[in-house]
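So the structure is just underneath, and the comments pick up after that.
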Amino acid sequence: MKSLRRYWETHHGEVSPLLRIRDRLQSKSHPLEASEIRELAGQVALPEATVKSVISYYSDLHEDREAIRVCQGTSCMLAGAEELQQELQKRKNCKAAYCLGYCDRSPTLLTAQDEVICSQQATALVAGEKTPATAETPPLSVRCLAPEPTVTKRAGANYSSLEKARSAGVYSALAQALQSSPEELLSLVERSGERGRGGAGFPTGTKWRRCAECPGETRYAIANGDEGDPGSFIDRVLMENDPHGVIEGLLLCGYGVGASQGIVFIRSEYPTAIKRMQEAIAEAQDAGILGSSVLGSNFSFEISVFPGMGSYVCGEETAMLNAIEGLRGEVRIKPPYPVEAGLYGKPTVVNNVETLVNISAIVKKGAEAYAATGTAYSSGSKALCLNHGFASPGIVEVEFGTTVRQVIEEAGGGAGGKTIEALLLGGPMGSLLLPEEWDVPICYGAMAERGIQLGHGGMVALLEGTDYSALLEHWLRFMMDESCGKCVPCSLGSQKAWNLVRNQSADPKCRAQLEGLFEVMEEASLCAFGQYITGPMRQIIEHFGDRIFTAGGG
Amino acid sequence: MAVKTLKINDIYVAVEEGLTILKAAQEAGIYIPTLCHLEGVSDIGACRMCMVEVEGINKLLPACVTEVAEEMVVRTNTAKLKEYRRMNMELLFAEGNHVCSVCVVNGNCELQNLAVEVGMEHCRFSYRFPDKPVDISHPQFGIDHNRCILCTRCVRVCDEVEGAHVWDIAHRGEECKIISGLNQPWGEVDACTSCGKCVNACPTGSIFHKSTPVAVMKRDRGSLEFLSTAREKKQWTR
């Protein structure tokens, strides 16, 4: 909105209004009184109605902070998280959260004290047993099928201290890049053929170049650590175990595009990642790695952490920019793209955390050597996140070109010797793959040709006996809960579709109506959320419709 | 001034660079249905009624926010578009309590006109019959949330033209609702200047003049257009 723009610009260089609103809310144990909100609105220079609107938009700003969060991500849902929450609700104060990033150890709970309780410990807690001393939380498994690890090099252990990170080689690529010009770095990233790992697979170098060439003094570099897709957790692990690797990537991005301010946007469902990133930034600041003279050069760069407030849509780059500016996390109309007019209207690069961690490898290896790995369309390697449905869950790094089947075989197939009926790849906007499709190579190009979305690389195994009706309902519930509400097909269509599946699946017209709704959502929704979330749902209906629609409409 | 030539429904149209497809169509006398669009305030592309097909682009584009380009080939009324618009209307009707026979704007309602326009004879979805409040705390005006379609015209006109920002949208997804001030009764919001711009902006019978009988209220859209033209072009005559 035109006049809101004016308000936004006044926040430039100051603490975002959203953070001030959050801090004010957290300083009180009960919701704010009208007079307090009025006072707060004056302080952050936003209209009273907007402050009220923002508080009601973000879950963290109005939901109970003391409640235990029960993960309702797809993997946890398959592990019975819904029943778990119903059971826990009887005795404890709890609420649902969409993905805490422990899909390899579902189900998962997160306490108000930021303690993660997962797997059998979670079920034991809910059942009212005292946590058995023997049942330790199973450790994260990080494996690499590529000739050498790139992203997962430091993901398997805690490298969050600067000393340990430095001894593992972090910041040496930065020192090397600072010896040459930003232009050389830009050209290097372009030639490497790296593609963004967040899901869209857009060439990183092209994005950087477009931002660098936009006129203007101020630019921003943002690391997207929102990782909202239930099913993936690589970004959480990277930010927790390799925060300096993320900082180095963001510094390189800033140097390449000519930005002097960086932001790491991290969802509040990842409290440990927020803490470790903040500590690492402070340590890097003290060591002169961040600040007015990065590693003694004349490149100046600062990084701050911006915590998400509980909204999936904020993982979309323009919604994220709105959140940082202190507004509702609604998607902006594109064009203009963030590289031209992003944060506060300034050229902004938003890169996924995993994408950034790759940059130092590109600098060290050289563009040509990096481009030689993977496939012609997708260079390098990708970290895949395998959920607890696999015999060996965890993070598996593979070179692009490896087939899905190879990954599943490496993971030993389904957990408990069960058959995997289908694979959910790439989160809510990803794809459902039947066994006959598993020979597809993991590559943005090869997959796009077959209409498959790799997304952020989350893999959820659907084992024999899966309740597809419940899965479909879960998908629509997620869409209803997380739609921002701006456009009609997504916000109203999701609710109508959910109602159809929940209450009218015995109606012979149900399936046709549902498919009609999906078509409108796909074609007419404002952003990728409404346009692509129907993909996996259509596949669920296509392949398992007879188990969902009871009237023979399937 | 650069000129762009495009083709809308097989008619060649030459318009100023930077205009939207909607503006170009209007200049050529071609009708594109709109709902959240309002002359004089910014566009948000949210209602999805003005979606059009553009050759060479594999998705539909909202005409209100898509700029024209040289040699663009636009179709505004294909069978596919008609079907989507109709379903979009059905979604809106199923969501609220749109009972024309008892509504102040019956016969003068954009939602009603559009439903007729897109050929919505019935609604395929089950009605929700929500229990939403009516706020008549303001001395002159009232807002019936049952008739609100969340187009946010009132929010934008109050923010951008009047500069009062009484309205905003609260919550998210299907729970969205229009709020005044701190989600308090409209009559208690200090920021409201009682200018009535929101009343003139509302496309349905949601925001109304109090004590208006059924089917007699007409909105003065011209006054909003006059204000924006006056401010932009310094033409203060009507």
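Ion pairing between a basic and an acidic side chain is recognised when a charged N comes within 4.0 Å of a carboxylate O; B:K23 and B:E39 show such pairing. Note on A:K334 versus A:E317: salt bridge recorded, some NZ/NE/NH1/NH2 to OD/OE distance being below 4.0 Å. Salt bridge status for B:E117 with B:K82: absent, with no side-chain N to carboxylate O gap under 4.0 Å. The existence of a salt bridge linking B:R85 and B:E90 is excluded, since no basic side-chain nitrogen approaches an acidic carboxylate oxygen closer than 4.0 Å. Salt bridge present: A:E36 and A:R24 bring a charged side-chain N and a carboxylate O closer than 4.0 Å.
Side-chain atoms of A:E316 and A:T318 form a donor-acceptor pair, as typed in the model, at a separation below 3.5 Å. Inspection of the B:E174 and A:S491 side chains reveals no N or O donor paired with an N or O acceptor under 3.5 Å. Judged purely by distance below 3.5 Å, without hydrogens or angles, the side chains of B:T152 and B:R156 pair a donor atom with an acceptor atom. A:D226 and A:Y312 are not linked by any side-chain donor-acceptor pair at a separation below 3.5 angstrom, with hydrogens and angles left out of the test. Checked by atom type, the side-chain pair B:D168/B:H165 shows a donor-acceptor distance below 3.5 Å. For the residue pair B:R147 / B:N97, no side-chain donor-acceptor distance below 3.5 Å is found, with atom types taken as modelled. In this structure, a donor-acceptor pair under 3.5 Å is absent between the side chains of B:H145 and B:S206.
More than 12 heavy atoms of other residues, nucleotides or ligands sit less than 6.0 Å from atom NZ of A:K28. For CD1 of B:I136, the number of neighbouring non-hydrogen atoms (other residues, nucleotides, ligands) closer than 6.0 Å is 12 at most.
Chosen from B:M87, B:E175, B:M51, the residue pairing most often with chain A at heavy-atom distances under 4.5 Å is B:M87. Each of A:S525, A:G493, A:S53, A:S59 has some count of heavy-atom pairs under 4.5 Å with chain B, and the biggest count is that of A:S53. The candidate from A:A34, A:S56, A:G485, A:C490 with the greatest count of non-hydrogen atom pairs under 4.5 Å with chain B is A:S56. The candidate from A:Q531, A:K509, A:R328 with the greatest count of non-hydrogen atom pairs under 4.5 Å with chain B is A:R328.
Contacts of residues 121-129 of chain B with chain A at a heavy-atom distance below 4.5 Å involve B:R124, B:F125, B:S126, B:R128, listed in sequence order. Of residues 55-71 of chain B, those residues lying under 4.5 Å from chain A by any heavy-atom pair are B:K59, B:L60, B:V65. Using non-hydrogen atoms only and a strict 4.5 Å limit, the part of residues 183-203 of chain B facing chain A consists of B:N183, B:Q184.
Only the side chain of A:I333 comes within contact range of chain B, judged by heavy atoms closer than 4.5 Å. Contacts between A:S494 and chain B at a heavy-atom distance below 4.5 Å are absent for every atom of the residue. Looking at B:K80, only its side chain comes within 4.5 Å of chain A, counting heavy atoms on both sides. Proximity to chain B involves both the backbone and the side chain of A:L517, based on heavy atoms less than 4.5 angstrom apart. Only the side chain of A:Q504 comes within contact range of chain B, with heavy atoms under 4.5 Å apart. Proximity to chain B (any heavy atom under 4.5 Å) is restricted, for A:Q495, to the side chain, taken from C-beta onward.
The list of salt bridge (charged side-chain N to carboxylate O under 4.0 Å, His left out) pairs with a residue in residues 481-495 of chain A, not counting sequence neighbours, reads A:R477-A:D481, A:E482-B:R172.
Minimum heavy-atom separation, A:K496 to B:A94: CE-CB, 3.4 Å.
Within the cation-pi definition used here (under 6.0 Å to the ring centroid, within 45° of the axis), B:R48 does not qualify as a partner of B:Y84.
Taking 4.5 Å as the limit, every side-chain heavy atom of A:E523 sits out of range of all side-chain heavy atoms of B:E53.
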